[in-house]
**Student:** 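For reference, the structure I am asking about is given below.
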Amino acid sequence: MNRRYRKTIIAGNWKMNKTPAEAKALIEEMKPLLSKTKWCEMVLCVPFTDIQMAVKAAKGSKIAIGAENMHYEKSGAFTGEISADMLKELGVKYVIIGHSERRQYFNETDEACNKKVLVALENGLRPILCVGESLTEREQDVTMEVIRKQIKIALQGVAVEEIKKVVIAYEPIWAIGTGKTATSEQANEVCAAIRDCLREKYGARAARGITVQYGGSMNAKNAAELLAQPDVDGGLIGGASLKSADFAAIVEAANQ
């Protein structure tokens with residue numbers, strides 16, 4: 001982490017877990033554990049059905065609420081989709097875009113991610129843009145090419161004045177939900193390469209201020225080592241964000 005230039009952000013991604021009542025109970029459990037945080041911003045990205053309850057439960061705390069997905073159109077015949085306006089009115093601050101599960105199971109493309117990033121920024125939402133390679137791509141040594149392509153397409157049309165509002169989450173697909181984790185050196189290497197790509201596109205000053213998270217099975221045990229890396233500015237946390245003690249331990253590691 002480099003707090004001199006950029007914000008540390010620990011964000012939970014609850015995926016398809018927790019009813020509204022369960023969300024309220026978990027946030028109430030978390031609040032006293034997270035009340036003393038000094039340095040990092042805390043975000044919980046929850047299912048759409050939980051957002052209203054989560055915003056209410058988090059009120060008065062340092063926890064911001066985010067969404068797990070968003071459509072790029074304002075309205076229309078898109079059954080089952082949610083617009084930026086809908087999220088804004090509910091009090092959402094962040095939205096995850098291009099998570100590997102969205103790409104893998106719902107055929108989300110880099111071009112669709114680009115539309116979503118632009119709409120999120122237009123509506124005052126902070127996008128958490130996920131990028132990452134598959135196991136085959138890593139084994140074939142094309143990780144950097146894959147990630148550079150994802151970033152360049154997804155950020156097309158994003159002005160330098162807006163780029164600091166974007167959070168990049170490096171999520172190696174082979175480490176999502178598998179229990180496998182990139183080593184701290186592997187994570188930092190790719191996060192640094194992401195920053196190099198941003199530097200080429202936006203200049204050194206802008207790139208230095210962008211938060212780049214690691215999101216491949218970060219947990220209470222490995223968080224401190226990962227977050228000690230100079231180019232890892234936080235985490236996008238899956239399973240560990242569903243356990244108050246584990247999430248609090250990760251936030252504590254980010255506060256060291």
Side-chain angles (χ1 to χ4, degrees), residues 7 9-31 34-35 37 40-99 101-103 105-106 108-109 111-130 154-159 161-169 210-211 213 215 234 236-238 241-242 247:
K7 183 177 291 185
I9 301 173
I10 301 295
N13 175 19
W14 285 8
K15 307 189 181 184
M16 197 175 72
N17 291 291
K18 303 297 180 184
T19 65
E22 290 169 339
K24 179 184 178 182
L26 181 53
I27 291 172
E28 294 293 351
E29 204 175 278
M30 285 181 173
K31 284 197 295 189
L34 302 175
S35 61
T37 182
C40 78
E41 187 160 332
M42 298 168 293
V43 184
L44 293 175
C45 296
V46 304
F48 181 73
T49 52
D50 292 350
I51 289 174
Q52 193 167 17
M53 181 65 80
V55 168
K56 185 177 179 181
K59 191 174 181 179
S61 74
K62 297 180 180 179
I63 302 169
I65 301 302
E68 297 178 11
N69 187 33
M70 178 199 77
H71 200 277
Y72 48 78
E73 292 290 353
K74 186 176 181 67
S75 62
F78 303 102
T79 302
E81 292 291 341
I82 305 300
S83 72
D85 282 343
M86 295 172 183
L87 296 179
K88 259 198 322 185
E89 193 163 315
L90 290 175
V92 163
K93 304 296 183 187
Y94 287 80
V95 57
I96 297 173
I97 291 173
H99 191 277
E101 290 158 2
R102 297 294 314 172
R103 295 174 188 261
Y105 303 133
F106 304 102
E108 198 157 297
T109 64
E111 290 78 8
C113 291
N114 177 233
K115 293 179 182 179
K116 292 183 180 190
V117 167
L118 293 172
V119 169
L121 291 170
E122 285 169 11
N123 285 274
L125 301 174
R126 291 198 68 181
I128 300 175
L129 172 65
C130 300
L155 296 182
Q156 187 174 353
V158 176
E161 297 80 15
E162 294 282 283
I163 191 60
K164 281 190 179 181
K165 300 173 186 175
V166 178
V167 178
I168 309 290
I210 298 168
T211 297
Q213 301 173 314
L236 182 58
I237 316 301
S241 69
L242 296 169
F247 192 68

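All of these numbers come straight from a predicted model, not from anything done at the bench. Count residues from 1 along the sequence.
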**Student:** Output every pair passing salt bridge (Lys or Arg N to Asp or Glu O under 4.0 Å) with a member in residues 69-78, not counting sequence neighbours, ordered by first then second residue.
**Tutor:**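 Salt bridge (Lys or Arg N to Asp or Glu O under 4.0 Å) check on residues 69-78 returns K74-D85.
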
**Student:** Locate the shortest heavy-atom distance separating I63 from A58; write the atom from each residue and the value.
**Tutor:**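 The pair with the smallest heavy-atom distance is O-CB, 3.7 Å.
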
**Student:** I'd like to check the salt bridge (charged side-chain N to carboxylate O under 4.0 Å, His left out) partners of R126; sequence neighbours left out, ordered by chain and number.
**Tutor:**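 So R126 forms no salt bridge (charged side-chain N to carboxylate O under 4.0 Å, His left out) with any residue.
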
**Student:** Give every residue pair that meets the side-chain hydrogen bond (donor to acceptor under 3.5 Å, both in side chains) criterion with at least one member in residues 43-68, sequence neighbours excluded.
**Tutor:**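 Sorted pair list comes back empty.
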
**Student:** Taking all atoms of both residues into account, what is the closest heavy-atom pair of G234 and I10, and its distance?
**Tutor:**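 Result for this residue pair: CA-CD1, 3.9 Å.
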
**Student:** Given M70 and L125, is the side chain to side chain contact (heavy atoms under 4.5 Å, CB included) satisfied, shown in steps?
**Tutor:** CA-CA 11 Å; M70 178 199 77; L125 301 174; 4.1 Å; yes

**Student:** Identify the two heavy atoms, one from L155 and one from N114, that lie closest to each other, and give their separation to 0.1 Å.
**Tutor:**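 Smallest interatomic distance, heavy atoms only, reads C-ND2, 3.9 Å.
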
**Student:** About how many Å separate CD of Q213 and CD1 of I128, when rounded to the nearest 0.5 Å?
**Tutor:**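 Spacing of CD1 (I128) from CD (Q213) equals 5.5 Å.
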
**Student:** Starting at SG of C130, measure out to CG of L236 and round the result to the nearest 0.5 Å.
**Tutor:**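 Going from the SG atom of C130 to the CG atom of L236 covers 5.0 Å.
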
**Student:** Could you pull out the closest heavy-atom pair between A112 and T109, with the gap in Å?
**Tutor:**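 Where A112 meets T109 most closely, the heavy atoms are N-OG1, 3.0 Å.
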
**Student:** How long is the gap from CD on E22 to CD on E29, to the nearest 0.5 Å?
**Tutor:**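 Spacing of CD (E22) from CD (E29) equals 11.5 Å.
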
**Student:** Is there a side chain to side chain contact (heavy atoms under 4.5 Å, CB included) between C113 and R102 once you walk through the steps?
**Tutor:** CA-CA 10 Å; C113 291; R102 297 294 314 172; over 6 Å; no

**Student:** Can you list the residues that meet the salt bridge (charged side-chain N to carboxylate O under 4.0 Å, His left out) rule with E41, with sequence neighbours excluded?
**Tutor:**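 Counting only residues at least two positions away or on another chain, E41 forms a salt bridge (charged side-chain N to carboxylate O under 4.0 Å, His left out) with K7.
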
**Student:** To check you understand the geometry: which heavy-atom pair defines the closest contact between I65 and V43, and what is its length?
**Tutor:**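 Looks like C-CG1, 4.5 Å.
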
**Student:** What residues, two or more places apart in sequence or in another chain, satisfy side-chain contact (heavy atoms from CB on, under 4.5 Å) together with K24?
**Tutor:**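 side-chain contact (heavy atoms from CB on, under 4.5 Å) check on K24 returns E28, M53, A57.
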
**Student:** Knowing that exactly one of N69, L129, I96 qualifies, which makes a side-chain contact (heavy atoms from CB on, under 4.5 Å) with K116?
**Tutor:**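 For K116, the side-chain contact (heavy atoms from CB on, under 4.5 Å) test succeeds with only one of N69, L129, I96, which is N69.
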
**Student:** Please name the pair of heavy atoms, one in E108 and one in G98, separated by the smallest distance, quoted to 0.1 Å.
**Tutor:**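 Of all heavy-atom pairs spanning E108 and G98, the closest is OE2-N, 3.2 Å.
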
**Student:** Could you state the interatomic distance from CE (M42) to CG (L34), rounded to the nearest 0.5 Å?
**Tutor:**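 Going from CE on M42 over to CG on L34, the span is 5.0 Å.
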
**Student:** Between NZ of K93 and CG of L44, what distance do you get to the nearest 0.5 Å?
**Tutor:**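 Between atom NZ of K93 and atom CG of L44 there are 14.5 Å.
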
**Student:** Suppose the criterion is ring-ring contact (aromatic ring centres under 6.0 Å, His included): which pairs have a residue in residues 52-71, not counting sequence neighbours?
**Tutor:**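 Output for this query lists H71-F78.
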
**Student:** Flag the pair L242 / K18 as yes when at least one side-chain heavy-atom distance between them is below 4.5 Å, and no otherwise.
**Tutor:**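 Yes, close enough: below the 4.5 Å cut-off.
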
**Student:** Going from CD1 on I27 to CZ on F247, what distance comes out if it is rounded to the nearest 0.5 angstrom?
**Tutor:**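 Going from CD1 on I27 over to CZ on F247, the span is 10.0 Å.
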
